[in-house]
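Note sheet for the following structure.
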Amino acid sequence: MIDRLVEKIKETGAPIVVGLDPMLKYVPEQVQQKAFAQYGETLEGAAEAIWQFNKEIVDKTWDLIPAVKPQIAMYEQFGIPGLMAFQKTVQYCQEKGLVVIGDIKRGDIGSTSAAYAVGHLGRVKVGSKEYVPLGEDFVTVNPYLGSDGVNPFLDVCKEEKKGVFVLVKTSNPSSGEFQDQQIQGRPLYELVGEKVAAWGAELMGKEYSYVGAVVGATYPEMGKVLRKIMPKAYILVPGYGAQGGKGKDLVHFFNEDGLGAIINSSRGIIAAWQQEKYASFGAEQFGEASREAVLDMRKDIQEALESRG
């Protein structure tokens with residue numbers, strides 16, 4: 001799957017992943033009201049609204065981007081109907097040819113970790129049959145419990161030719177409380193990066209490993225160091241746009257060939273219609289506003305990569 005992701009990035013010229021993290025406040029009133037007219041102001045109504053919202057954004061952007069990243073918490077908050085909307089979103093994006101990164105940040109041990117891996121990346125056996133429960137192409141994994149928590153995911157990745165992005169240095173302000181702590185003179189995130197490189201050496205695609213890393217856009221200097229520590233790991237970079245990251249801050253995450261990183265923007269794209277810059281589209285054309293935001297983001301990143309010295 002990493003080979004397919006790299007191919008899609010080359011095809012589109014857009015190392016961009018759209019974070020499908022729908023909150024009802026991002027969903028235009030007309031979409032909500034149509035869903036509520038059908039299902040009432042219920043969990044089912046909320047789930048239908050976010051599904052229709054997602055579908056419109058995907059319909060308007062799928063030809064420009066290689067991948068999407070639905071954050072499962074935004075769906076879980078609406079219970080079982082929300083999870084059904086998550087599943088429909090995954091399947092629809094894959095039908096459009098997009099690579100789907102399930103942002104689940106799971107991390108546990110033993111049979112629990114194996115169950116998470118099977119549920120999101122693999123197949124579950126029911127009697128004599130097998131089923132694909134959720135079926136993402138990649139998932140995000142929390143490595144805090146060590147190899148016991150990551151290896152079950154790697155086992156499924158090996159079987160299914162899928163991948164993981166391991167949290168190494170996250171974009172949130174308090175990430176340094178743990179991730180920056182010094183261990184024998186080095187920050188913890190560097191040691192995690194070395195572990196990612198080691199795990200990835202056992203699961204290589206053509207150019208890059210099936211084991212990638214999450215490194216926040218808000219820490220570009222750390223990105224430079226981690227790029228060297230993990231030369232074969234694709235880096236998923238959250239924090240563009242709404243969290244402050246810009247194209248010029250991101251060049252260190254890429255290799256010289258312009259590959260090696262994929263930049264995530266969530267509300268900066270899906271809620272573009274609420275921004276002053278795209279206000280002319282209005283709520284009725286929220287999908288078109290998202291498309292324009294993708295085009296602007298692609299231009300920003302391409303110009304930054306072209307101008308780096």
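We use all heavy atoms of the structure for the numbers below, so side chains are in, but hydrogens, waters and symmetry mates are not.
Gln275 places no side-chain N or O within donor-acceptor distance of the main-chain N or O of Lys277, the cut-off being under 3.5 Å. Between the side chain of Ser290 and the backbone N or O of Ile269, at least one donor-acceptor pair lies under 3.5 Å. The backbone N or O of Ser266 sits nowhere less than 3.5 Å from a side-chain atom of Gln71 that would complete a donor-acceptor pair. Side chain of Asn255 to main chain of Asp257: no donor-acceptor pair is present (N/O by atom type, distance under 3.5 Å, no hydrogens or angles). Using modelled atom types, no side-chain atom of Ser171 and backbone atom of Gly216 make a donor-acceptor pair closer than 3.5 Å. Looking only at distances, no side-chain donor or acceptor of Arg298 sits under 3.5 Å from a matching main-chain atom of Ala14. No donor-acceptor pair closer than 3.5 Å links the side chain of Lys162 to the backbone N or O of His120. Of the possible donor and acceptor atoms, one in the side chain of Gln77 sits under 3.5 Å from a partner among the backbone N and O of Met74. In terms of modelled atom types and a separation under 3.5 Å, the side chain of Arg291 and the main chain of Thr61 share no donor-acceptor contact. Between the Asp3 side chain and the Gly205 main chain, no donor and acceptor come within less than 3.5 Å of each other.
Counting non-hydrogen atoms of neighbouring residues, nucleotides and ligands closer than 6.0 angstrom, the CD atom of Gln33 exceeds 12 such neighbours. Around CG of Leu259, the count of heavy atoms belonging to other residues, nucleotides or ligands within 6.0 Å exceeds 12. When the shell of 6.0 Å around CD1 of Ile80 is examined, it contains 12 or fewer heavy atoms from other residues, nucleotides or ligands.
Taking each heavy atom of Pro231 and Tyr208 in turn, the nearest pair found is O-CE2, 3.9 Å. Closest of all the heavy-atom pairs between Val68 and Val17 is C-CG2, 3.4 Å. Listed here is the closest heavy atom pair of Leu20 and Cys93: CD1-SG, 3.9 Å. In terms of heavy-atom proximity, Pro70 sits nearest to Asp21 at C-OD1, 4.1 Å. Taking each heavy atom of Phe53 and Ile270 in turn, the nearest pair found is CZ-O, 3.2 Å. When all heavy atoms of Ala85 and Ala47 are compared, the closest pair comes out as CB-O, 3.8 Å.
Note that the CG atom of Leu191 and the CD atom of Gln182 stand 9.5 Å from one another [nearest 0.5 Å]. The distance from the NE2 atom of His252 to the NZ atom of Lys228 is 9.5 Å, given to the nearest 0.5 Å.
A salt bridge is absent between Glu7 and Lys10; no separation between the charged side-chain nitrogens and carboxylate oxygens falls under 4.0 Å. Comment: Arg123 does not engage Glu159 in a salt bridge, judged by the lack of any side-chain N to carboxylate O separation of less than 4.0 angstrom.
None of Tyr75, Tyr92, Tyr39 except one satisfies the ring pair (Phe, Tyr, Trp, His ring centres under 6.0 Å) rule with Trp51; the exception is Tyr92. Looking at Val100, Ile101, Leu121 one by one, the single match for side chain to side chain contact (heavy atoms under 4.5 Å, CB included) with Asp137 turns out to be Val100.
Linking ILVMFWY side-chain heavy atoms closer than 4.5 Å, directly or via other members, places Met204 and Val150 in two distinct hydrophobic clusters.
Ring centroids of Tyr26 and Phe286 are separated by 6.0 Å or more, keeping the two rings apart.
A donor and an acceptor atom, one from each side chain of Glu95 and Gln91, are nowhere located under 3.5 Å apart.
When side chains are defined from C-beta on, Glu284 counts as touching Gln30, because their heavy atoms get closer than 4.5 Å.
Under the salt bridge (charged side-chain N to carboxylate O under 4.0 Å, His left out) criterion, Lys105 pairs with Asp103, sequence neighbours left out.
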